[in-house]
Amino acid sequence: MTHDLPSRYDPSDIEQDLYRWWTERGDFRASADGERRPYVIMMPPPNVTDRLHMGHGLNNTIQDVLIRFERMRGREVLWLPGTDHAGIATQNVVERLLAKEGKTRFDLGRDAFVEKVWRHVHDTGAQILEQLKALGASCDWTRTYFTLDDGLSRAVRETFVRLFDKGLIYRGHYIINWCPRCLTALSNEEAEKEDVAGKIWYLRYPLADGSGHIVVATTRPETMLGDTAVAVHPSDERYGHLVGTDIDLPLTGRRIPVVADDGVDPSFGTGAVKVTPAHDPLDFEIGQRHQLDTLVVIEADATMSDSVPDDLAGLDRYDARRRVVKQFEELELLQKIEPHQHAVGHCYRCGTAVEPRLSEQWFVQMAPLASPALDAYQDGRLTFLPKRRGEDYAQWLEGIRDWCISRQLWWGHRIPVWYCDDEGCEAELHVSRDDLTTCPTCGGPLRQDDDVLDTWFSSWLVPFSSLGWPDDTEDLRRFYPGDALTTAPEILFFWVARMIMAGLEFKGEVPFSTIYLHGTVRDTQHRKMSKSLGNGIDPLEVVERYGADALRYTLVSGMAVGTDLILDPNDLDSSFAAGRNFANKLWNIGRFVLGNLPDPVRPLVGPRSDAVRREELTLADRWILARCEATVVAATKAYQQFRLNEAATLIYHFIWSDLADWYLELIKPRLFGDTPGGDVARAVVAQTFDVALRLLHPITPFITEALWRRFPGRPEDASIEVAPWPESDARARDDEAAAAFGLVQELVTAVRAIRAEYDVAPGTEVRVWVSRHDEAFDAEAGTIRRLAKVSAIHYEAHADEPGGHAVLSDGTGVFLPLGDAIDLDRECGRLGAEHQRLAKLIVGQEKKLANEQFLTRAPAEVVATERKKLGAWQDQATALDQKRQLLGCP
RNA sequence: GGGCGAAUAGCUCAGUUGGUUCAGAGCGCCUGCCUUACAAGCAGGAAGUCGGGGGUUCGAAUCCCUCUUCGCCCACCA
């Protein structure tokens with residue numbers, strides 16, 4: 001039945017059908033009732049801005065591996081998918097689309113613009129979900145959410161009202177980060193600090209009494225137009241006499257005071273600071289302490305305001321900077337310019353340098369929320385992978401600042417605050433869960449706050465809002481809290497930390513216990529993949545070319561905990577070769593194995609009378625079963641510890657090297673009836689291949705399902721997705737078989753190497769002399785003969801004739817007589833090299849055996865085998881010497 | 001300016017809590033093979049002073065110190 005399978009695996013033949021079948025079966029759907037212990041992962045909701053990139057591919061592959069692993073282990077698995085409305089990002093995308101038509105959002109008006117965004121995200125959102133399916137993501141699509149859904153909107157309002165009532169949400173005039181391009185406030189986290197090679201200008205400010213001037217240093221000369229003071233440190237003796245005096249601020253005709261303030265660092269610059277309370281956070285604080293005026297000189301769009309001299313008003317901030325500097329120069333008030341490297345905030349969505357700006361915004365007071373979140377980390381309720389990320393988390397919480405949550409955008413959750421414009425009304429504002437139309441206090445008309453909430457204000461609720469909160473739903477009771485959170489480290493503060501705070505505040509429990517922060521996908525120059533650099537790889541293109549399994553295998557095997565993943569966008573073939581080749585190999589193993597299995601296969605173990613008895617197993621059978629068992633144990637542990645790359649490598653090696661290269665080759669005579677025991681070999685291969693497929697299924701779900709379903713006797717409706725995870729079976733452990741068969745492998749390899757070395761024709765059979773008799777060689781004599789093309793094995797000291805030599809790890813000598821075929825020079829060189837290798841081993845071994853610690857610490861039997869090894873090596877060295885003399889080697 | 005990570009074959013990377021079993025894998029490269037599952041394959045092979053230096057030890061890729069080079073996080077020195 002497998003003979004009709006093509007010899008080359010084509011994933012596109014099977015992936016979509018299998019995915020549809022899985023969906024129809026309903027295995028992805030979590031049941032809210034039942035006995036199974038839940039295992040829950042919240043998918044980081046992709047932004048509905050665009051198609052998925054390779055980072056999503058990696059992120060979702062990791063999650064799907066964990067989910068499929070736990071599903072097979074019998075947990076009630078819920079992987080909850082969703083998409084994020086991504087306020088600024090999405091609004092930007094649609095604004096750019098409008099710009100192509102020569103329009104702005106203001107041309108459309110708020111309602112029409114929002115309508116247009118909805119239409120846009122409807123398409124991209126659907127596209128994203130399809131892409132996730134193409135990757136094989138086994139999420140519960142029946143519970144898919146969007147952060148702007150009615151349900152989640154209700155949760156947003158609920159939290160806003162609760163925090164407001166608790167006094168943790170407030171409105172006020174503060175310096176915030178302002179993006180002059182997006183025209184909105186940003187949180188501290190959204191302003192990314194980047195080092196900029198700037199300058200520092202030293203400006204002379206004339207003293208009002210005409211007695212001289214004071215020099216201030218600034219990186220932003222244009223803000224001097226908004227200066228309302230100069231500050232010095234109270235204990236700075238250089239300036240003490242000037243405190244309380246006035247300065248004539250150049251260009252403005254304004255007179256401003258010199259004040260003393262602790263916030264000034266006397267060692268920086270000149271020790272005298274120009275104070276611009278409306279455009280600098282520190283200056284704002286100084287201004288508050290000294291009741292200074294705040295003078296806004298830079299507008300929302302980063303042009304100079306009308307409050308500056310006419311020749312500067314309306315200029316862009318950087319043009320104004322140049323103009324101001326030039327005017328200082330002309331007035332001979334520019335003392336000097338120095339190069340200066342400093343960190344400047346940039347908008348995380350558009351990259352524009354943010355402007356610190358005084359404005360009225362809504363804030364969440366964070367310290368009360370941060371404290372329990374910090375406790376949860378310190379008392380071990382949270383585990384970070386890699387561990388060091390936990391310190392980033394703690395550090396951020398310790399220095400937490402209030403969260404600016406209002407955004408001057410149109411796309412998002414509108415702030416649930418209404419203002420009453422009636423001058424006679426006592427109420428200033430109303431915060432409400434429901435839309436308000438008339439003022440509850442005076443009955444007059446109301447106006448809702450124009451702003452929307454930070455997009456993360458809905459994301460931070462996802463672990464419970466996606467389960468129906470604030471209602472007390474069955475889902476919520478069953479699936480909160482979740483288990484693992486898998487995401488990129490970039491959003492540790494934006495999202496992860498805030499989810500923990502929200503979970504503790506609103507649900508009293510951390511939303512997940514393990515936080516796996518995986519690395520970033522980069523190109524070969526270690527640059528982050530991005531659209532603007534054009535170095536991205538489209539995961540869907542990879543799926544189409546190589547299959548989802550190849551993509552997944554490559555991502556998983558290349559990703560160690562705490563490291564980045566480097567892929568070459570210019571060489572997809574080599575980037576994904578290993579995954580593609582492996583899938584193809586698996587396919588062909590399947591063709592061979594399944595094509596040789598009868599129905600039914602004899603059971604390997606169990607009560608049935610035809611079950612294989614232990615005495616029927618050959619050495620090779622025992623070996624592969626032991627290898628299989630070892631792989632089950634190691635791979636299971638690796639999966640559990642999130643060391644997915646290690647699990648992938650272990651299983652790969654077992655399947656390709658142990659099972660395919662060795663076991664399948666050596667059972668061929670038994671399968672083809674040339675040797676008895678075919679039914680036993682079939683039982684063993686059926687068992688081990690089945691286990692291998694199940695171990696691998698979380699990583700490469702499609703091909704493992706396709707092959708697993710084809711096993712003889714498999715019920716039509718059986719799926720590997722819900723097949724039980726392979727159990728460790730102590731009976732299969734067999735160190736003796738492992739060691740004995742290992743020696744057989746060494747012997748075969750040694751003979752092959754000698755044959756290759758001396759160009760023995762592939763079809764020619766050779767005789768081999770083995771210095772020591774071993775039961776394993778007898779037991780697998782057929783294997784040795786077949787795999788090494790050996791006609792006869794002689795257990796005796798080798799004949800005095802030319803030939804090839806090798807020494808096995810236990811000291812057993814191997815000799816291949818090659819008669820006249822031998823090249824004397826080459827053989828002498830080979831013997832010399834081999835002798836040298838042995839000599840090195842012997843020296844090391846002698847040292848080891850002279851070591852007190854080793855002798856006392858190691859078990860006696862280990863010491864004994866090490867002694868034996870040394871003896872054997874010495875014997876072989878002697879034999880090699882004799883051989884070299886015999887051949888007349890130099 | 002603080003805190004943290006990384007450096008291992010031409011490329012991308014493994015190498016675990018306690019030091020002996022370790023110098024490995026994949027890709028690439030070289031040689032020979034269309035051997036009745038697989039040429040996306042099979043067999044064999046070349047290639048690394050485990051970033052430099054020092055230390056501890058019988059013994060270090062692994063532990064300690066130091067230097068160099070990359071990277072990450074945090075930070076209101078204007």
Side-chain angles (χ1 to χ4, degrees), chain A residues 2-3 5 7-9 175 193 200 216-220 223 231 263-270 272-276 280-285 340 342-343 345 356 386 388-389 391-392 395-396 399 489-490 492-493 519-520 522 524 526 546 550 554 557-560 562-568 571 573-596 637-638 641 643 645-646 649 652-653 660-661 664-665 668 672 749 752-757 759-763 786-789 809 844 847-848 850-854 857-858 862 866:
Chain A
T2 48
H3 300 302
L5 297 177
S7 69
R8 187 171 282 218
Y9 172 57
I175 290 271
K193 288 294 168 61
I200 186 161
V216 298
T218 180
T219 54
R220 308 176 60 217
T223 62
V264 177
D265 176 2
S267 65
F268 186 87
T270 61
V273 186
K274 55 187 278 311
V275 181
T276 323
D280 183 275
L282 175 64
D283 293 4
F284 179 74
E285 284 172 28
H340 184 64
H342 60 144
R388 64 191 142 89
R389 295 290 183 184
E391 289 308 308
D392 293 344
Q395 201 186 356
W396 184 76
E490 293 98 273
L492 176 59
F493 309 139
T520 308
R522 299 177 184 278
T524 48
H526 293 213
Y546 310 105
T554 299
S557 63
M559 180 94 256
T563 65
D564 287 338
L565 180 74
I566 280 82
L567 294 173
D568 188 350
D571 189 0
D573 271 348
S574 104
S575 293
F576 297 97
R580 182 198 55 178
N581 294 353
F582 186 35
N584 193 53
K585 182 71 181 181
L586 211 52
W587 183 254
N588 280 292
I589 292 170
R591 289 206 311 144
F592 177 70
V593 169
L594 298 174
N596 281 291
K637 197 172 158 200
Q641 298 179 340
R643 301 198 317 264
N645 60 324
E646 216 174 302
T649 309
Y652 178 99
H653 183 266
D661 289 346
L664 292 187
E665 286 307 322
K668 278 178 180 174
F672 300 152
T749 303
R752 283 170 172 172
I754 295 168
R755 294 178 59 114
E757 181 85 8
D759 296 330
V760 176
R786 243 174 58 76
L787 297 190
K789 279 257 193 279
S809 65
K847 265 189 179 171
K848 187 194 268 187
N851 179 5
E852 279 297 315
Q853 277 187 29
F854 175 74
R857 262 178 50 181
V862 174
E866 296 299 307

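Labels below follow one simple rule: chain letters A, B, ... track the order of the sequence lines, proteins then strands, and each chain is numbered from 1. Because the structure is a prediction, the values reported are computed rather than measured.
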Asks: Within 45 degrees of the axis of the six-membered ring of A:Phe592 and under 6.0 Å from its centre: does A:Lys668 put its NZ or CZ there?
Replies: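 Yes, A:Lys668 lies over the aromatic ring of A:Phe592.
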
Asks: Check the phosphate of B:G26 against A:Ser575, side-chain N and O only, distance under 4.0 Å to OP1 or OP2. Yes or no?
Replies: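 For A:Ser575, the contact criterion (side-chain N or O under 4.0 Å from OP1 or OP2 of B:G26) is not met.
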
Asks: Round to the nearest Å and state the distance from A:Leu282 atom CG to B:A75 atom P.
Replies: 16 Å

Asks: Figure out the CG/P separation between A:Asp564 and B:A7, and round it to whole Å.
Replies: 13 Å

Asks: Indicate yes or no for a side-chain donor-acceptor contact from A:Arg755 to the backbone of A:Ala788 under 3.5 Å, with no hydrogens or angles considered.
Replies: yes

Asks: Using whole Å, what does the distance between atom P of nucleotide B:G41 and atom CG of A:Asn588 come to?
Replies: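 Nearest whole value for this atom pair: 10 Å.
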
Asks: If you pin A:Ala217 and A:Ala660 to their nearest nucleotides in RNA chain B, which one's is more 5'?
Replies: A:Ala660

Asks: Quiz question: going by heavy-atom distance under 3.5 Å, is there a donor-acceptor pair between the base of B:A37 and the side chain of A:Glu665?
Replies: yes

Asks: I need the minimum non-hydrogen distance between A:Thr520 and A:Asp564, along with the two atoms involved.
Replies: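 Result for this residue pair: N-OD1, 2.8 Å.
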
Asks: Side chains of A:Thr219 and A:His342, heavy atoms from C-beta outward: is any pair under 4.5 Å?
Replies: yes

Asks: If you look at every strand shown and take non-hydrogen atoms under 4.0 Å, does A:Phe493 touch a base, only sugar-phosphate, or nothing?
Replies: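 A:Phe493: backbone/sugar contact only, no base atoms under 4.0 Å.
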
Asks: Given B:C38, B:C33, B:U16, which nucleotide is nearest the side-chain atoms of A:Ser7?
Replies: B:C38

Asks: Can you confirm whether the side chains of A:Tyr9 and A:Asn588 place a donor and an acceptor under 3.5 Å from each other?
Replies: no

Asks: Of the nucleotides B:G44, B:A78, B:C38, which one has an atom closest to the side chain of A:His342?
Replies: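 Among B:G44, B:A78, B:C38, the one nearest the side chain of A:His342 is B:A78.
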
Asks: What is the base-pairing partner of B:U20, counting Watson-Crick and G-U wobble geometry with both distances under 3.5 Å?
Replies: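 B:U20 is unpaired by these criteria.
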
Asks: Determine the interatomic distance between P on B:U20 and the same-named atom on B:A47; round to the nearest Å.
Replies: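 Nearest-Å result for B:U20 against B:A47 at atom P: 27 Å.
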
Asks: What does B:G41 pair with, Watson-Crick or G-U, if both distances are under 3.5 Å?
Replies: B:C33

Asks: Looking at the side chain of A:Lys193, which of B:G32, B:C76, B:C38 is the nearest nucleotide?
Replies: B:C76

Asks: Say you pick atom P in B:G52 and the same atom in B:G45; how far apart are they, in whole Å?
Replies: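 Between the two P atoms, the distance is 28 Å.
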
Asks: Using the P atoms only, state how far B:C58 lies from B:C70, rounded to an integer number of Å.
Replies: 39 Å

Asks: Using a 4.0 Å heavy-atom cut-off, does A:Ile566 contact any base of the nucleic acid, only the sugar-phosphate backbone, or nothing at all?
Replies: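 Sugar-phosphate, backbone atoms only, no base.
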
Asks: So does A:Ile200 get a backbone contact from the side chain of A:Arg220, meaning a donor-acceptor N/O pair under 3.5 Å?
Replies: no

Asks: Could you work out the separation of B:C11 and B:G48 based on their P atoms and round it to a whole Å?
Replies: 13 Å

Asks: Does A:Asn581 put a side-chain nitrogen or oxygen below 4.0 Å from OP1 or OP2 of B:G41?
Replies: yes

Asks: Taking NZ from A:Lys789 and C1' from B:G44, how many angstroms apart are they, rounded to a whole number?
Replies: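 Taking NZ of A:Lys789 and C1' of B:G44, I get 15 Å after rounding.
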
Asks: I'd like the P distance from B:G51 over to B:A9, given in whole Å.
Replies: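 That atom pair is separated by 8 Å.
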
Asks: How far, in whole Å, is B:G28 from B:A39 if one measures between their P atoms?
Replies: 16 Å

Asks: How far, in whole Å, is B:U21 from B:U62 if one measures between their C1' atoms?
Replies: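 Comparing C1' positions in B:U62 and B:U21 gives a spacing of 14 Å.
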
Asks: Indicate, yes or no, whether a donor-acceptor pair under 3.5 Å links the base of B:A40 to the side chain of A:Arg8.
Replies: yes

Asks: What is the distance, rounded to the nearest whole Å, between atom CG of A:Asp661 and atom P of B:C42?
Replies: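 The answer, rounded to whole Å, is 5 Å.
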
Asks: With heavy-atom distances below 4.5 Å as the criterion, would you say the side chains of A:Lys789 and A:Pro762 are in contact?
Replies: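 Side chain of A:Lys789 against side chain of A:Pro762, heavy atoms only: no contact under 4.5 Å found.
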
Asks: Need the pair for B:A47. Rule: Watson-Crick or G-U wobble, both distances under 3.5 Å, any strand; none if unpaired.
Replies: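 The answer is none; no pair meets the criterion.
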
Asks: Looking only at atom C1', what distance separates B:U57 and B:G18, rounded to whole Å?
Replies: 16 Å

Asks: Mind checking A:His653 for me? I need base, sugar-phosphate or nothing, with any heavy atom below 4.0 Å counting as a touch.
Replies: nothing

Asks: Give A:Glu285 one of three labels, base, sugar-phosphate or nothing, depending on what nucleic acid heavy atoms sit under 4.0 Å from its own.
Replies: nothing

Asks: In whole angstrom, give the distance that lies between atom NZ of A:Lys585 and atom P of B:C38.
Replies: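 Spelled out: NZ on A:Lys585 to P on B:C38 is 10 Å.
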
Asks: Below 4.0 angstrom from OP1 or OP2 of B:A78, is there any side-chain N or O of A:His340?
Replies: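 Yes, within the criterion.
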
Asks: Show the nearest heavy-atom pair for residues A:Val216 and A:Thr270, with the distance to one decimal.
Replies: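 So the minimum-distance heavy-atom pair works out to CA-OG1, 3.8 Å.
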
Asks: Nearest nucleotide by nearest heavy atom, which residue falls closer to the 5' end of RNA chain B, A:Val264 or A:Thr749?
Replies: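 First, find each residue's nearest nucleotide; the 5'-ward one identifies A:Thr749.
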
Asks: Under 4.0 Å: is that the gap between some side-chain N or O of A:Lys668 and OP1 or OP2 of B:U35?
Replies: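 Answer no for this pair, as no side-chain N or O of A:Lys668 is under 4.0 Å from OP1 or OP2.
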
Asks: For A:Arg580, report the nucleic acid contact type (base, sugar-phosphate, nothing); a contact means any heavy atom under 4.0 Å.
Replies: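 It contacts base atoms.
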
Asks: For the side chain of A:Gln395, counting heavy atoms from C-beta on, which of B:G15, B:G2, B:C4 is nearest?
Replies: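 Minimum distance to the A:Gln395 side chain belongs to B:G2.
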
Asks: Across the strands shown, which category fits A:Ser574 at heavy-atom distances under 4.0 angstrom: base, sugar-phosphate, nothing?
Replies: sugar-phosphate

Asks: Identify which one of A:Tyr652, A:Trp587, A:Tyr546 satisfies the ring-ring contact (aromatic ring centres under 6.0 Å, His included) criterion when paired with A:Phe582.
Replies: A:Tyr652

Asks: With a non-hydrogen cut-off below 4.0 angstrom, is A:Asp283 in contact with a base, only sugar-phosphate, or nothing?
Replies: nothing

Asks: Mind calculating the distance between CG (A:Asp759) and P (B:A43) to the nearest angstrom?
Replies: 18 Å

Asks: Just to be sure I understand the rule, does A:Ala343 reach a base, reach only the sugar-phosphate, or reach nothing, if contact means heavy atoms closer than 4.0 Å?
Replies: base

Asks: At 4.0 Å (heavy atoms only), tell me whether A:Tyr9 reaches a base, stays on the sugar-phosphate, or touches nothing.
Replies: base

Asks: B:G26, B:C38, B:C27: which one has an atom nearest the side-chain heavy atoms of A:Ala577?
Replies: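 Within the option list, the nearest is B:C27.
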
Asks: Considering every strand shown, what is the Watson-Crick or G-U wobble mate of B:C27 when both distances are under 3.5 Å?
Replies: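 B:C27 is paired with B:G10.
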
Asks: Hunt down the Watson-Crick or G-U wobble partner of B:G71, both distances under 3.5 Å, from any strand shown, or write none.
Replies: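 Because both required distances fall under 3.5 Å, B:G71 counts as paired with B:C4.
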
Asks: Could you check how far CG of A:Asn645 sits from P of B:A25, rounded to whole Å?
Replies: 16 Å

Asks: Can you tell me the pairing partner of B:C63 across any strand shown, Watson-Crick or G-U wobble, with both distances under 3.5 angstrom?
Replies: B:G55

